[in-house]
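The block underneath contains the structure these notes are about, expressed in structure tokens.
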2 protein chains.
Amino acid sequence: MDESSPRLTATMEDYLEGIFLLSRDRRVVRMRDIAGHLGVTPSTATTTVQTLAKRGLIAHEKYEDVVLTDQGRAIAEEVLRRHEELRSFLEEVLLLDPDTAEEDACRLEHGISEVTLDRLRHFASAIRGCGNAGAGCMRRFRQQVQTAGVTMEP
Amino acid sequence: MDESSPRLTATMEDYLEGIFLLSRDRRVVRMRDIAGHLGVTPSTATTTVQTLAKRGLIAHEKYEDVVLTDQGRAIAEEVLRRHEELRSFLEEVLLLDPDTAEEDACRLEHGISEVTLDRLRHFASAIRGCGNAGAGCMRRFRQQVQTAGVTMEP
DNA sequence: GAGAAAAGTTTGATTAGTCAAACACCGGCA
DNA sequence: TGCCGGTGTTTGACTAATCAAACTTTTCTC
């Protein structure tokens, strides 16, 4: 219930996003789920959840399950939206394999601006409008990717 | 002269890139130049340069000017290359204004993978092959940007 | 219901990044 | 030559992220 501290770090955004995702799968989200999802030890998960709770983004009582506040959920949804938009651009436009697209989306979602994301979205929709066969430079790009000169795997 | 510690943070990459850039303008790079370029206090610049020196990426004697080692310069050039490739994609393909392109490149350069950067590069060259007028979906995208539906400013 | 196992928390340590304030060095000028 | 101002460094403080180890609480199982 403290709210509005400086600015969230990438890690904090990852925690909120992760908790949001977990809460869509399970009835309750427990500390070990968070630790597992984020790849950290339970003690790290505990302390980070505590700082997020101090900021009013998470509701958490000792030994109880972890729940996002409305504010926390709003941020989590925002981060997830950026993530998904990025991932879909990387996969559908740049034709990256799903794993690379996912990994890069994870890393870029914290730094990209809304304006750029907006452009990415419009660009992807313009590309989709080309149909599967594609035309002009898009067809050329697809062919390049499918053949030699372009890296395919990480 | 310690070398090969874990992995560089985004901040460390920014310091190396900044020092590299500064050393292209000036005869020598001094602590205050670095502090000014990175927007931190001189004391912060000093301590960060010291940790980079411990890792063998910077050569620095107390009160002397700051110089990148070969290893440090190699990393700086790598970061700068990522930065420039990203910036040029954002500006030339997504048609973002120079300031936004620069800012986003600064933030994304640390997280993007080599594979994705490679795709970006090929994509941009395919687009360039379309000529200024553009064709098909590319022309449509350009028109969209120039008119209503797409955010133009930050 | 008692004890063991699992889950969660605390404590103490480390690395990174940052600042303000105090302190040290060095070069120019009077 | 001496000292003053700018430059650089240290010190002390803080936030964030992380772990391992010790400890506490809850939950399960017999």
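Each chain gets a letter, A, B and so on, in the order its sequence line appears, and its residues count up from 1.
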Rounded distance in Å - CD (A:Glu61) to C1' (C:dA7): 17 Å
Answer yes or no: does a side-chain N or O of A:Tyr63 lie under 4.0 Å from OP1 or OP2 of C:dA6? no
Take atom NZ of B:Lys54 and atom C1' of C:dT14, then tell me their distance rounded to the nearest Å. 12 Å
Rounded to the Å, how far apart are A:Asp65 CG and C:dG8 C1'? 13 Å
What is the separation between atom CZ on B:Arg7 and atom P on D:dT18, rounded to the nearest whole Å? 14 Å
So do the side chains of B:Arg82 and B:Ile112 get within less than 4.5 Å of each other, counting heavy atoms only? yes
Specify the separation, in whole Å, of atom CG of A:Leu8 and atom C1' of D:dT15. 14 Å
Check this for me, if you would: do B:Glu114 and B:Arg81 make a salt bridge, where the nitrogen-to-carboxylate-oxygen distance has to be below 4.0 angstrom? yes
In this structure, how many angstroms lie between the C1' atom of C:dT10 and the NE2 atom of A:His60, rounded? 13 Å
N/O (side chain, A:Gln50) to phosphate O (OP1/OP2, C:dT10) under 4.0 Å: yes
B:Thr41 and B:Ser43: side chain donor to acceptor below 3.5 Å: yes
Could you go through the side chain to side chain contact (heavy atoms under 4.5 Å, CB included) check for A:Met12 and A:Thr9 one step at a time? CA-CA 5 Å; A:Met12 289 170 180; A:Thr9 64; 3.2 Å; yes
So if I take every side-chain heavy atom of A:Lys62 and compare against D:dA17, C:dT10, D:dT9, which nucleotide ends up nearest? C:dT10
Given C:dT18, is OP1 or OP2 found less than 4.0 Å from the side-chain N or O atoms of B:Thr47? no
Can you list, in residue-number order, the parts of residues 22-46 of chain B that come under 4.0 Å of DNA chain D, counting heavy atoms only? B:Arg30, B:Met31, B:Arg32, B:Pro42, B:Ser43, B:Thr46
Taking only residues two or more places apart in sequence, or in another chain, which ones meet A:Glu64 in a salt bridge (charged side-chain N to carboxylate O under 4.0 Å, His left out)? none
A:Thr11 vs D:dA17: side-chain N/O to OP1/OP2 distance below 4.0 Å: yes
How far apart are the closest heavy atoms of A:Leu38 and A:Asp14, and which atoms are they? CD1-CB, 3.9 Å
Please check if the side chain of B:Ser113 supplies one atom and the backbone of A:Asp104 the other of a donor-acceptor pair under 3.5 Å. no
Rounded to whole angstroms, how far apart are OH on B:Tyr15 and P on C:dT15? 18 Å
Integer-rounded Å distance: D:dA16 P and A:Leu57 CG: 12 Å
